[in-house]
Structures are given as C-alpha cells and as structure tokens.
Amino acid sequence: MDKDRVAEVLSEIGVLLELKGENPFKSRAYANAARAIQTLEEPIEKLVAENRLGEIKGVGEGLQEKITILVQTGRLPYYEELKASIPAGLVEMLSIPSLGPKKIKALHDRLGISTIEELEAACKAGKVAGLDGFGEKSQAKILEGIEYRRQYASRHLLSAALEVAEPILAELRARKDVTRCDVAGSVRRYKEVIGDVDFIVSSEDADAVIECFVTRPGVMSVSAKGSTKASVILPGGIQADIRVVSDREYPFALAYFTGSKEHNIVMRQRAIQRGLRLNEYGLFRSQVETRDPNLCLPCATESDIYAALGLDYIPPELREDKGEFAAAEGHALPRLIELKDIRGSLHNHSNWSDGLNSIAQIASTMSKRGFEYWAITDHSKSSFQANGLDAKRLKQQVEEIKRVNESLAEKGLKFRLLCGTEVDVLRDGKLDFDDEVLAGLEIVIASLHVPAGSEAENTRRLVKAAENPFVHIIGHPTGRLLLEREPYPVNIHAVIDACAETGTWLELNCSPYRLDLDWRLWPQAKSKGVKCAIGPDAHRNEQADWLRLGAGVARKGWLTADDVVNTLDLASLRKALAVKRNRGKR
DNA sequence: GCCGTTTTCGGCCCGACTGTTTTCAGTCG
C-alpha cells in the first residue's frame, strides 16, 4: 500500500469522525497526518520497516500503530468498522452547500436521512423546516444546494475562472472608490482546477463596491451579501466572492485569502512564535483578539508581511506549504519563469491535421505577436480521427514550411517556423513514423493517444519512446483531461527517470484541459535534470494565449527560465535539439 | 489524536455571515 492510499484512508477517517460528532481536533489530527504523509519524500513502506513513522510531524503513537497495520496488512479494521457504521450518503451530503457534519448528523439522527434523495424528499415534504436549528430558509437552501450540485460540479477550469474574473477585476479597478483590487484564492495561486473566484478590494465605501458587485450584469444569483463581503453565482455556475477592507488591511486580506489554507496555518504559527497574531486584518503585537491599528505592524505590501515573519517574499504560485518556507527562510527561492521569457512554442497544429489555420497564417500571426519561432507538429497517420499525416504528406508539409520560411527571410523577419511532428506512440512502443522520417524533422514530440489498460504497458511504451534518439519531447505525459478523464495508468516516476537518462524533455502541455505534466511533479523532474517544454498544443492561433497558463503552472512547479527549453533563442534551441541526436550517434 | 523553550494537560487558526435564535451554533473560506 503506497503513501497516497494511506493518506486517502486517513483523510477519510477524519471525515467519518466529523460525521460521528467526534472531537473535531481528533478529526483534524487525521487530516493533518494524511497531508504530511502525502508529501513524504520516501516510500511509506520504508519508514514502516525502519520504524521511523514517528519522525513525521503530526504522526504520534496512535497513528503510528494504525499506519503500520494498514501498510503491513493492506487493511485497517478500525477504518472498516468506522466506515460500516456511517451510511455513504452522509459523506456525499457534505458536498451540499450549507450542510456540514453537525447538520447532517442531526438530519440522520432525527429524521433517519441517509441519502441525498431521502434528504430531497424530506425537504419537499417540509419535514426539515420543523427540526430544531433548521427553518424554512435552511430547508429551501438545502433544496437549492441539491439542485446546484446536480447542475454544476462546483469545480471549474482555471481558464474559465480567469475568463470571468478579468473583466470584473478591470471594472473594479476602474472605480474611483476602489484603491487596490486583486484576485486572490486558488486562481491567484494558479491551481489547475478551482472552486470559486475571490476578489479583495480596498475601499472607503464598501457598500457601494458591494452593491456594484452583486448587481453587475452576468450575476445569476446572490447567495450572500453583508457589509464587508458578498457571494454571487456567475455564468457557468462559478461562485465569486468579494471582500472589501480598508487600505491598511489590504495586504493582510490579500495574503489571507490567497491561501492556501495550509500555507496560512504555517504563517499564523510563525506569527505566534514571534509573539504576534496574524489574521486578515493585520499582524498584531498582541496575544488576544484586537483590531487596534496602533498594535499592527506596518505592512504596505505582502512582502512586508513576509519580511516581518523572517521570510523572503513567496510568490502566490508557491504558497502550498510544499517547501516554500524553508526556501524563503534561507533566501533560496528560485527566480521563477515569467511569460515574457517564453520565445516560442514547440507543440502546435495546423490545418494539415486537425488545426484551424494554414501554415502561412500561423507564421504571420506568431511573427506579429513577437515570437521567435513556432513549431508545426501535426498528428501522425495513426491519429486518423485528427487527419494525421502519412510520410508522403509530411514531406510535402516540410516543403511548404521551407517556402514560408524563405519568404519570411526575404522580408527580413527573424521569425521562423520549425518542422516537426507529434508522432503517435503505438501499441508496442514503436512510433508511427520510421526513424528515417523522423530524422528529416527538426523537432519530434512523442505522445500516447491510445493508452493500454495496464500501468506496466503504458510505462514501457513511454520509456521506449524516450529512448528513441529522434524523440525530443514526451507530449502530455499522463494524458489527463481535467474534470473529464483521469490520467492513464502510468509509472510517471519511471518515465521521468527515462527522460533524465536519455536527455529527453517532458512537456508541460498548457492546454487548459490538460496542464500535464502536473505541477506537483515538476520539482522531482527538475531535480533529476529533466528540462521542460511548455506547449499550448494550439489548434488555432488565439490558443497561443494558453502559454500564459503554461508559465503560471511552470511557476507553480518551481521552474525557472533555465528549466524551460522554449525560453532559448532560436540558435540555442537548435543546438539543444541537436544534443540528443548526437548522443544517439555515439 | 498530536504536541510542548510558560505546558505531559489543555490547548489545537480565526472571523464573517446566516438562520434561528433572543445570545448563538453551524458553516464557510
């Protein structure tokens, strides 16, 4: 049993204990331990075998015993009994807004409700409103919540969130009564999937700002509205929250609502260690609750808050409590890549396969946008659904690209197209083109589009692709489609190792539906010396904008410009592309 | 259930909003 599964069991125990009405701190202890185990560097089996579980912060005697049983036998009777004692429907009910463990327990104990369907029926029959602690409004709210849950999974792509957030942000910033304004939350941290959008505003006229926020066109419903905060539902079912504070409080509110929750907990603890108290209103020289501005340390920006807690400024993307505190304390945070560092794209399609634009159109647009190079990497013949190219058409395409490049040179333009392919990795790990064909291209991406069922087989295929001297990049390495499809089973660690061994680059596919390889794996890839290629997988010219997502997610993976190959200028990129092929000749 | 430079017992991050109360519990972020 690996650490992910152990963490899963522990965190589920935490949830079940909450529903049982156990001591909430006990439940939190399980959640904390689950998190600690998830971020372990070593295999959990090793820690168990060496009797070193106690070294994990948050794992005491009780949990050491349970984890040992779980790892050694693959089962945990305590967990199984607990799970059997609580109907699965109660856990599901936690996803209904306005319902938490206490209310769910009350509904179960007093009305015998065990499923969402029973809950819906009880609400419609008016039974819920009669319970102590419930009323007509809470009953209506539960029904609304069930409906909402049905209509929208309350999780959205980062790109969708940015799309709705940016016009609102611009509108708020343009107001005379708004001093500062930003998007906070998981959107600011560039999480690939988000739950809601948070706006933080500093203003002397909170009422006016909130009134504007809840009445602007596009607001579908208002779920809460107070004197300092409000929540609305936007098209697509995205919830947006606004929080209005004074300008003195602004940096504290921005930091607090940017999170993550785990990051904030450490920040608070650091404040406590220094005899201070941190919340969304300030960093106070006080052990007790206060809002006295005279007791607040002066901080005009988030940087000042970090400095006051003995830390370098931590960029929002890194605020996940995944090593940023140690690095910020030791002045060892990397200088993260920025969008402007990216000079071109190595994974794009044209109308020769399933893209929209012609090669000439692509050259014209990307040149005007200021890129230095843009690779044409259309699908290979096995992707017939995508009008993949066979060797003959590929050869014609290379000729066409040469002609376009010549005309660019005649105009004195620096921009160049690169000829390449996104070649399919086939069943036996072979590629959809022979090596002789690949040798005639400047750049080769190998992608698995039809995965096998087994992890071993998929891993074998990708490792074999990486070992091919003509393959530069492994494309969208896990094949996930966010909110739609899980990654195919693959031992990604083995693929990373194979890339490190062979000098193959891994793609950070920055299509908003993929963002694959996942940011959580980049620090590992980087530590092994694997370079990253950020590719929008563009099928139409405007999708060049997706590079912005790529840069953000690369930042989240702790990557610098040096770690990303498409920050190289064209001459250096060509040299880098030649390295692996020359290796193959040795 | 965990943890400790005031502590081995008594804390555990903290505040706004909502709805049901008539001073507060539960939920949420």
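Order of the sequence lines sets the chain letters (A, B, ...), proteins ahead of strands, with each chain counted from 1. Keep in mind that this is a model prediction, so the values were computed, not measured.
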Side chain to side chain donor-acceptor pair (under 3.5 Å) contacts touching residues 56-73 of chain A (sequence neighbours left out):
A:Tyr30-A:Lys66
Residue pair [X] / [Y]: nearest heavy atoms and the distance that separates them:
X        : Y        : answer
A:Lys141 : A:Ser223 : NZ-O, 4.5 Å
A:Lys105 : A:Leu19  : CD-O, 3.4 Å
A:Leu157 : A:Pro512 : CD2-O, 3.7 Å
A:Ala230 : A:Val214 : CB-CG1, 3.8 Å

Looking only at atom [atom1], what distance separates [N] and [M], rounded to whole Å?
N      : M      : atom1 : value
B:dG1  : B:dT8  : C1'   : 15 Å
B:dG26 : B:dT21 : C1'   : 13 Å
B:dC3  : B:dC13 : P     : 13 Å
B:dT6  : B:dC2  : P     : 24 Å
B:dC9  : B:dC14 : P     : 24 Å
B:dT23 : B:dT18 : C1'   : 15 Å
B:dT20 : B:dT27 : P     : 13 Å
B:dC17 : B:dC12 : P     : 23 Å

Between A:Arg277 and B:dC14, is there a side-chain N or O to OP1/OP2 distance below 4.0 Å?
yes
Can you pull every protein N or O that's under 3.5 Å from an N or O on nucleotides 3-11 of chain B?
{"from": "B:dC3", "atom 1": "OP1", "to": "A:Gly58", "atom 2": "N", "distance (Å)": "2.6"}

Test your reading of the model: is there a side-chain donor-acceptor pair from A:Asn509 to the backbone of A:Ser511, 3.5 Å cut-off?
yes
Tell me: [atom1] of [X] to [atom2] of [N], nearest whole Å?
X        : N      : atom1 : atom2 : value
A:Asn279 : B:dC14 : CG    : P     : 9 Å
A:Phe284 : B:dG15 : CZ    : C1'   : 12 Å
A:Gln64  : B:dC2  : CD    : C1'   : 11 Å
A:Ile37  : B:dG1  : CD1   : C1'   : 13 Å
A:Leu94  : B:dT27 : CG    : P     : 9 Å
A:Ile242 : B:dC17 : CD1   : C1'   : 16 Å
A:Gln269 : B:dC2  : CD    : P     : 16 Å
A:Leu82  : B:dG1  : CG    : C1'   : 14 Å

Mind checking if [X] touches a base, just sugar-phosphate, or nothing, with heavy atoms under 4.0 Å?
X        : result
A:Ser227 : sugar-phosphate
A:Ile13  : nothing
A:Pro97  : sugar-phosphate
A:Ser27  : nothing

Tell me which of A:Asp198 and A:Arg243 sits closer to the 5' end of DNA chain B, going by the nucleotide each one is nearest to.
A:Arg243
Under a 4.0 Å threshold between the charged nitrogen and the carboxylate oxygen, would [Y] count as salt-bridged to [X]?
X        : Y        : value
A:Arg5   : A:Glu8   : yes
A:Glu42  : A:Arg52  : yes
A:Lys20  : A:Glu22  : no
A:Lys526 : A:Asp563 : yes
A:Glu324 : A:Arg189 : no
A:Asp341 : A:Arg335 : no

My understanding is that only residues two or more places apart in sequence, or in another chain, count here; which of them pass side chain to side chain contact (heavy atoms under 4.5 Å, CB included) with A:Val209?
A:Leu172, A:Arg175, A:Asp177, A:Val178, A:Val201, A:Ser203, A:Ile242, A:Val244
Taken in chain and number order and not counting sequence neighbours, the residues that satisfy side chain to side chain contact (heavy atoms under 4.5 Å, CB included) with A:Glu317 are A:Tyr190, A:Pro315, A:Arg555, A:Lys556
Tell me which residues in [range] lie within less than 4.0 Å of DNA chain B, going by non-hydrogen atoms.
range                       : result
residues 98-110 of chain A  : A:Ser98, A:Leu99, A:Gly100, A:Pro101, A:Lys102, A:Lys103
residues 247-266 of chain A : A:Tyr256
residues 123-145 of chain A : A:Gly133, A:Phe134, A:Gly135, A:Glu136, A:Lys137, A:Ser138, A:Lys141
residues 66-74 of chain A   : A:Lys66

So if I take every side-chain heavy atom of [X] and compare against [options], which nucleotide ends up nearest?
X        : options                : result
A:Lys229 : B:dC14, B:dG1, B:dA16  : B:dA16
A:Ala224 : B:dT18, B:dC13, B:dG29 : B:dT18
A:Thr228 : B:dA16, B:dG29, B:dC13 : B:dA16
A:Tyr281 : B:dG1, B:dG15, B:dT18  : B:dG15

Please name all residues satisfying side chain to side chain donor-acceptor pair (under 3.5 Å) with A:Asp321, sequence neighbours left out, ordered by chain then number.
none
Is there any salt bridge (charged side-chain N to carboxylate O under 4.0 Å, His left out) pair reaching into residues 217-234 of chain A, and which pairs are they, with sequence neighbours excluded?
A:Glu211-A:Lys225
Pairs touching residues 238-250 of chain A that satisfy salt bridge (charged side-chain N to carboxylate O under 4.0 Å, His left out), sequence neighbours left out:
A:Arg180-A:Asp247, A:Arg243-A:Glu280
Would you find more than 12 non-hydrogen atoms of other residues, nucleotides or ligands less than 6.0 Å from A:Glu80 atom CD?
yes
Could you classify B:dT6 for me, syn or anti, using a glycosidic angle within 90° of 0 as syn?
anti
Once ring-ring contact (aromatic ring centres under 6.0 Å, His included) is applied, do any residues pair with A:Phe213, and if so which ones, sequence neighbours excluded?
A:Phe199
Under 3.5 Å on both distances, the Watson-Crick or G-U partner of B:dT8
none
